Every structure is written in C-alpha cells, then in structure tokens.
Amino acid sequence: MKEFGPLIHSFWYLLRGAGMTVLMATSAIVPATILGMLLALLQVFRGRLVQSAILGYLFLIRGIPLLVLLTFVYYLMPLTGIDLPPFWGVVLVISLYYAAFISEVFRAGILSLPQAQWDAARSLGMTRGLLLQIVVLPQALRLAAPPYVSLCVSLVKATSLVSIVGLWELTMASREVVERTLAPFQIFIGAAAIYFFICYTLALYGRHLERRVVIGH
Amino acid sequence: MLEVAGLHKRFGAVEVLRDVSLTVSPGEVVVVIGPSGSGKTTLLRCINLLEEYERGTITVDGEPIGYRIDGRRARMSEREIARARERIGMVFQSFNLFPHMNALQNIVAAPVRVKRVERRQAEARARELLAMVGLSDKAAEYPIRLSGGQQQRLAIARALAMDPKIMLFDEVTSALDPELVGEVLAAMRQLASDGMTMVVVTHEMSFVRDIADRIVFMDGGVIVEEGKPEQLLFTPQTERVRAFLKRYNDRYRI
C-alpha cells in the first residue's frame, strides 16, 4: 500500500481536477446537443443549399483531429482580437466539434422513422412543429439514445486534450502531481479510475434514460 | 361534400392520375376498385394532400384542399393545409399507429394538441370511440400488444376522434390475416350506417357489394366506369371492368 502514498496524498487535488473535467464536459455537452439537434433538423427540412453547407461543415470537422483544432484555435484566437477566456474558448471548440457528430446521430434517428408515421400525423392535421414534438422526436430520440450517450462519453474523455493548450483539469492535474512525486503509474492509475467512474456513471444514466423512453411517458 | 375535378398527378415521367373527377355527396359511400397501379391509393393520398398534384382542384364542403383556386394556383401554407386535413380522416393499410403511445393516447393526441379540446373531454370521447370499435378494455395497451385487426380498429377510432367530415380508407384490410378482416369491415359497416361519408379503396369484393352506394373503377390513372354496385358488378359496360371482374371471380371461386 506504501507505493500508493503519492496517490492518496494528492487524491483530493486530482478530484478537484476531475471537477473541472466534469464542468468542462457539461458546459460543452449542452450546446453541442442543442446545435447538433438544430443541424439535424435543418438537414432534414431545409433545401439543398443549407444541406450542402452543413454537409461541408460535417466533412471538415470529421476530417480534422480535435487536438489539431484546439491548438489551431489557441494560436488563432489572439490574432483575431477575440478576447475569450481560455476555458470558454476550449468549450466552444469542443461543442462545435461534437455538434457535428451528434447531428449525424440525431439525423439518422429522424430518418429511420418510417414515412408512414409522418403520413399518419399529417393526416390528423398536425403541423410540422407539433408532428416533430409528439410523433417524430420521441421515437427518433429513443433510436438515437445509445450512440448519443457514446458520443457524450467520448466528449468527456476528449476534454483530456485541453491540457495541451494549458487548461487545468484532471489530466493536467495528474501531470503536475507526477512531476512533483515522480510516481507516474500510481497517479495515472488514479486518474484512469476517476475517468472510468465518470464515464461509467454517464453510460449507466444513459441506459436508464433509454429504458424510460422506450416505454413512453 | 367532396369534389375532385380534373386531377392530374405524375411521378416523374409516369402519369398516375389523368383528369380524374369525382363527386361524393354527404353520407355517401364510394368504393374505388381497380388493378394495382391504377392510381386508387394516389387519388386518396391527393385528397389528403399527402401527395402533391399538378393540376385540378379538390374541395371538401366547398373549401379547397392544398391549392388556392381563386386567381393563380398557389399552394396553401403548411398551417392552412393542416387545418384542411382536420376535416378529413384517413385510415392506412399499415395502421400507422404511434408505437410510443398507448391506445388512449393515440386517440387523444390530435384532438388535444391540434383542436385544443380539453383533455378530460377528449378522453371521454376516446373511450366512447374505443367502445364503438370494441376495444373498451384495451385503452392502456400499446399498439405492439394488439392484434392487426385491433390495431386497425384503433386507427379508425383515432381518425374519428377528429370528427372528420369524410373518411378515407386505403386498403385497410390488405395487411390483415383473413380471420381478422371481418372485425374491421364490421366497424366500417357500422360507420357507414351511421351516415359517415366514406371513400374506400379495397380489394374485398364481397364487402364492396354490401357497403357501396357507388363503385368507381379505375385503371391506368383514369376512371373507367362508375355506377351502382349491382350495375357495375353484374352488368359492366366496359371490357376492362368485365376482364377485371372475371379474373377476380376465377381466382376466388374455390
């Protein structure tokens, strides 16, 4: 047990880092989800022009590693004169990045509903908004739930990249502790355990949510 | 009640409806028969504007569906079309119930959210309708737990909950096991005898005879012949109807 002394000593410090990780992830998941949903709806309902614009965005984002994008924006920011606190800058980049993937998941969910469901809702006099709200989205979201939760888990882990541009969170905290204690294995086992715990909780919650949506309200 | 005049509809290069005109009076049951691909289903879907059409007019109670007819032809707004559809009930071949709602929720969703009927009132009406189609004990069941015949009767109740002026039936028994067809037809018969105006696309010839006030025979996107059931079924005027009925009789004479 003696070997784990450094981890036990610095565990509180790591937990504070984890708190930052969770804060960053949540701050990004919310806008990424909203933007993702918006992009999915625009893709399904708007004309060719909007569709190709969004498609271009998706291909661009999917073709660039998040780490490259983060670093690029980190260097770009001062040149543009936009004075955004680093935390929010990073949250913005992660949101925009994950919105692209989330929109694809939602779009697939919406398109996988049979045309017949739309016909039935329309024939009952539902306008597009209502039809989306009570017929299409409840079913589409259920279909999209499992891959959506996977993306959220992936987003949590992606926040570990921001230490590269100097933001402090769990990974950065771990590296600091390692520099002080020279105990990389113990510390990173601790960090990995904390990441695992966060992601596992998220996945469990996703499962729970999924079960609830399956049955209806 | 329903007036279709000069309806033209094409899918790409294929003309599926060519100058179709049809008038249905209040309380009348018009049955549309004809070979597959004749445009029957498309005609029904146009009446509800589930399909766009290129030329012609469709009015229910004098009010146009889909396109304004005064002055230049212009598509109505989404909202206007939705309002027009409230007056037209439709039942589909594949039921198309909402799988995430139970039977009662399926029925009350549209009255409550579209017509803004008070929920308690809508639920009371829904229970009446469930009783009418013989599903009183199924209010809390989800569609997946119901048989095909029960699902289709629920779909009829759902359409009726909007108090439509006219009901459209699109081959509503085609997806059912033979022993379940009867219960759906019984519900439709009941509805017809209550004076509902109906346009029915079907292949159930025995049913056609005792429910139809008038039969319309379609082929190749045009109305070939129409008339009273006994006249059209027993003394058809055109060769095409004779051939269709002969094929039908040969197949079902066991």
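A, B, ... follow the sequence lines: proteins, then strands. Residue 1 opens every chain. Model, not experiment: these values are computed from the prediction.
The two residues A:S123 and B:N48 come nearest to each other via the heavy atoms CB-ND2, 3.4 Å.
Atom CG of residue A:L137 and atom NE2 of residue B:H100 lie 9.5 Å apart, to the nearest 0.5 angstrom.
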- Task: Let me see the working for A:L124 and B:F98 under side chain to side chain contact (heavy atoms under 4.5 Å, CB included), right down to the final yes or no.
- Result: CA-CA 12 Å; A:L124 289 166; B:F98 305 134; 4.0 Å; yes
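Heavy-atom distances place the backbone of B:L97, and not its side chain, under 4.5 Å from chain A. Proximity to chain A is limited to the backbone of B:I88, based on heavy atoms less than 4.5 angstrom apart.
Sparse packing is recorded around OH of A:Y74, with 12 or fewer heavy atoms of other residues, nucleotides or ligands lying under 6.0 Å away. In the displayed structure, B:R119 atom CZ is contacted under 6.0 Å by at most 12 heavy atoms of other residues, nucleotides or ligands. Other residues, nucleotides and ligands place more than 12 heavy atoms under 6.0 Å from the CG atom of A:L79. Heavy atoms of other residues, nucleotides or ligands lying less than 6.0 angstrom from CZ of A:R46 number 12 at most. Residue B:R55 qualifies as open at atom CZ: its count of foreign heavy atoms under 6.0 Å is 12 or below. Residue A:F45 qualifies as enclosed at atom CZ: its count of foreign heavy atoms under 6.0 Å is above 12. Annotation: B:F11, atom CZ; neighbour count of heavy atoms from other residues, nucleotides and ligands within 6.0 Å is above 12. Around the CZ atom of A:F11, the shell of radius 6.0 Å holds no more than 12 heavy atoms that belong to other residues, nucleotides or ligands.
B:N96 places a side-chain N or O within 3.5 Å of a backbone atom of A:A116 that can act as its donor or acceptor partner.
Per-residue counts of heavy-atom pairs under 4.5 Å with chain A were compared for B:R79, B:R45, B:R113, B:E86; the largest is that of B:R113. Highest contact tally toward chain A, considering only B:R87, B:R85, B:R158, is held by B:R85 [criterion: heavy-atom pairs under 4.5 Å]. For the set A:M126, A:Q133, A:R122, the entry with the most heavy-atom pairs within less than 4.5 Å of chain B is A:R122. Among the candidates A:L130, A:D119, A:T127, A:I134, the residue making the largest number of heavy-atom pairs closer than 4.5 Å to chain B is A:D119.
In this structure, the side chains of B:M101 and A:P138 stay at 4.5 Å or more apart for every pair of heavy atoms.
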